[in-house]
Number of protein chains: 2
Amino acid sequence: MTKKTTISDIAKALNTTAATVSRALSDNPRISDKTKKLVNDTAKALGYAPNPVAAALRNGRSKIIGVIVPYIDRSFFSSVIRGIEEEVKKHGYNIMICQSLEDKDAEAENIDILINARVAGIALSLASNDESHLKKIINHNIALVTFDRIADNLAPHTVAADDFEGSYLATKHLIDQGYKRIAHLAGSQKINIYRNRQRGYRAALEENGHEIDNDLIISTNSKVIAGRESAETLLNLKNPPDAITSASDFSALGALQYCKSKGIKIPEEIGITGFANEPFTEYLEPSLTSVSQNTLEMGKIVGQVFFDQFNTEEQQTQYKKILLKPELIVRKSSLRTINK
Amino acid sequence: MTKKTTISDIAKALNTTAATVSRALSDNPRISDKTKKLVNDTAKALGYAPNPVAAALRNGRSKIIGVIVPYIDRSFFSSVIRGIEEEVKKHGYNIMICQSLEDKDAEAENIDILINARVAGIALSLASNDESHLKKIINHNIALVTFDRIADNLAPHTVAADDFEGSYLATKHLIDQGYKRIAHLAGSQKINIYRNRQRGYRAALEENGHEIDNDLIISTNSKVIAGRESAETLLNLKNPPDAITSASDFSALGALQYCKSKGIKIPEEIGITGFANEPFTEYLEPSLTSVSQNTLEMGKIVGQVFFDQFNTEEQQTQYKKILLKPELIVRKSSLRTINK
DNA sequence: TTGTATGCGTTATCAC
DNA sequence: GTGATAACGCATACAA
């Protein structure tokens, strides 16, 4: 492997010019089929591979989709990233990954880097509620798709799981299983997705004739320890719940641990559901019912949304707001025989 | 945001030339401090940001490290990727991620893509035992670092966990806990890392006066179901083991499940250890003792190895073979009071 | 210490 | 249907 062959090498070999070769390779209609074949054949013979860097410089745009997530190694994000990768690969694109570490400034910096790298699009899950720095992306005419923690105001296209529906499903399932007093571990209400999950919980109760008791709703973070503490608070109420639907698998795990430590039987005495279907949920004892967000699918859809845009130049007017159907994965922690 | 400013814009503003500006920006010693300051100031004033695509074309090399892993969303890999990202970011580099899906051909294709993208280096964990296609990378004079599933023959630089040591530690720990007949779930012996783990197991036994009984070594895959089946086989022996050290957390989980289903007490009647410290291990009941490979650290080291090379031009002669110390995470599944 | 000229490989705009 | 030319933005070899 000495020197890479270029279009001019091919041109020289055929006694024609780089322009013709370039057109032939891109299947330009103004080139005769004969020369196209000729060019393609000698391209193969010479082992030609296009230089995407040169093309990117010329076009002012590279075949790269930038992806910014809080942390690469969270199972949710790594799975979405995989989906994006697999989708964009079909179109000959690659992905460039950045981490925001849930910090708005780091996110803004990554955006600058990706803009400078002339990426064709940016997929991101917001680090914070602040979305003002996304304007830059749009001003640079770079395609933008936000997912999960979406930018409602600024981002034209969004892809997210239907958190309302997911939480509704989980709560409804508990009702169907005969649980009467269902508590909710609500997560930070500053964050969109957790607000929606609480709304789903409330809707399920209301539509099924259950009263909403604010004592049963605890807004907390998504840590295991928070779940343990919340469960303790709840079970020490004069009128404790007989089920807990959590907006997070981790706090659900904490609740599960607390109940077990107190000898409270799951699911007989208390039913528990989580949210996100983290890999560990299926291995817990008892296994934890959870809401799957179809993360791989989410990534693929994010990818698709880009190419829907690329393929139809004009319609910057119609924005896609995609909401993915969640799936309730019923496991032992919520599955009891109903005694009528 | 209309047009991006370039070095010639800066040059024009200062009545000088692009060459000078370019040199000033890269802190070339042949430029006076005065003009350097001038250039840097107006660069800032004009909101200049360098175009990495142009630089890459000119240099024949972009500030991108390509990363190829079997699957992005395996916790092991996503964690290593994070480490690589955080390390290369310090040097102003970005990462481009590809998946091999454990397929040699896909891996080879990704390599071609990354070579064409003029990446500065490629980090990869081999898809298969075949490493012949890595020659291309070296021939193109692109830095290559293999990790975990390393390419012993062709890759100049390798980073891996010390599998021998990790398995040795786990086995030794079981011995120290007073277990007498320790079995091993060995994983596919076609794969390097599993061979090393078996070696560590054997060494620990031998060095501590335990006999090696080949009936207690089962070579299997790393799936939960395989662990269950293997445990069944082992516990049905005339002379069954009182401990199992597995080369994989998943098969250890299977063994754990089987024992529980049979009412065999862990760790009292049987001790179990896994390998990799998967996120789920700490939440199992009982929590699973496992060997941590410090994956984040591994990624950072991989990143460092690249820049060690970049910064010292010549020494293509000395190759780095780095072996990371594993850490035994002792949990309940192997921790019993020793009755002397 | 600075300026001039050139090329990296591609594509698009003209011409013919 | 094809060719000539310029330009994308930067960095270096060579002059001065």
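Numbers restart at 1 for each chain; the letters A, B, ... are given by sequence-line order, proteins then strands.
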side-chain hydrogen bond (donor to acceptor under 3.5 Å, both in side chains) partners for B/Lys321, two or more places apart: none
Could you pull out every donor-acceptor pair under 3.5 Å between side chains of residues 53-65 of chain B and any protein atom, sequence neighbours left out?
residue : atom : partner  : partner atom : Å
B/Asn59 : ND2  : B/Ala55  : O            : 3.1
B/Arg61 : NH1  : B/Asn141 : O            : 2.9
B/Ser62 : OG   : B/Ala117 : O            : 3.4
B/Ser62 : OG   : B/Arg118 : O            : 3.0

Any A/Thr6 side-chain nitrogen or oxygen under 4.0 Å from OP1 or OP2 of C/dC8: no
Kindly list each side-chain donor-acceptor pair under 3.5 angstrom involving residues 143-154 of chain B, sequence neighbours excluded, with atom names and distances?
residue  : atom : partner  : partner atom : Å
B/Thr146 : OG1  : B/Ala151 : N            : 3.2
B/Asp152 : OD2  : B/Asn192 : ND2          : 3.3

Ring-ring centroid check A/Phe307 A/Tyr93, cutoff 6.0 Å: yes
Salt-bridge contact A/Lys104-A/Glu131 (side-chain N to carboxylate O under 4.0 Å): no
Short side-chain to backbone donor-acceptor contact, A/Ser32 and A/Thr35, under 3.5 Å: yes
Pairing residues for A/Asn40 by the side-chain hydrogen bond (donor to acceptor under 3.5 Å, both in side chains) criterion, not counting sequence neighbours: none
Selection: residues 41-55 of chain B, any non-hydrogen atom under 4.0 Å of DNA chain C: none
Near-strand residues of residues 110-122 of chain A, defined as heavy-atom separation under 4.0 angstrom from DNA chain C: none
Nucleotide nearest B/Leu57 (side chain, heavy atoms from C-beta), chosen from C/dA12, D/dT12, D/dG9: D/dG9
Interatomic distance where CG belongs to A/Leu38 and C1' belongs to D/dG1 [whole Å]: 14 Å
Any A/Ser8 side-chain N or O less than 4.0 Å from OP1/OP2 of C/dT10: no
Salt bridge (charged side-chain N to carboxylate O under 4.0 Å, His left out): pairs with one or both residues in residues 293-303 of chain A, sequence neighbours excluded: A/Glu86-A/Lys300
Members of residues 20-27 of chain A that approach DNA chain C, where some heavy atom sits under 4.0 Å away: A/Ser22, A/Arg23
Test item: B/Asp41 side-chain N/O and B/Leu38 main-chain N/O as donor-acceptor pair under 3.5 Å: no
Spacing of B/Arg61 atom CZ relative to C/dG9 atom P, expressed in whole Å: 13 Å
Nearest-angstrom distance from the residue atom CG of B/Asp33 to C1' of C/dT2: 15 Å
Pairing of B/Arg82 and B/Glu87 as salt bridge, 4.0 angstrom limit: no
Heteroatom pairs (N/O) under 3.5 angstrom, protein to nucleotides 5-7 of chain C:
residue : atom : partner : partner atom : Å
C/dG7   : N2   : B/Arg58 : NH1          : 3.3

Contacts of A/Phe76 that satisfy ring pair (Phe, Tyr, Trp, His ring centres under 6.0 Å) - sequence neighbours left out: none
By ring pair (Phe, Tyr, Trp, His ring centres under 6.0 Å) - contacts of A/Tyr48 (at least two apart): none
Interatomic distance where NZ belongs to A/Lys12 and C1' belongs to D/dG3 [whole Å]: 16 Å
Counterpart residues, salt bridge (Lys or Arg N to Asp or Glu O under 4.0 Å), relative to B/Arg23 (two or more places apart): none
Most 5' of B/Asn59 and B/Arg30 on DNA chain C, judged by nearest nucleotide: B/Arg30
Gap between atoms CD1 and P, on A/Ile7 and D/dT2 respectively (whole Å): 15 Å
Donor-acceptor contact present, side-chain A/His157 to main-chain A/Tyr319, <3.5 Å: no
N/O (side chain, A/Ser32) to phosphate O (OP1/OP2, D/dT2) under 4.0 Å: yes
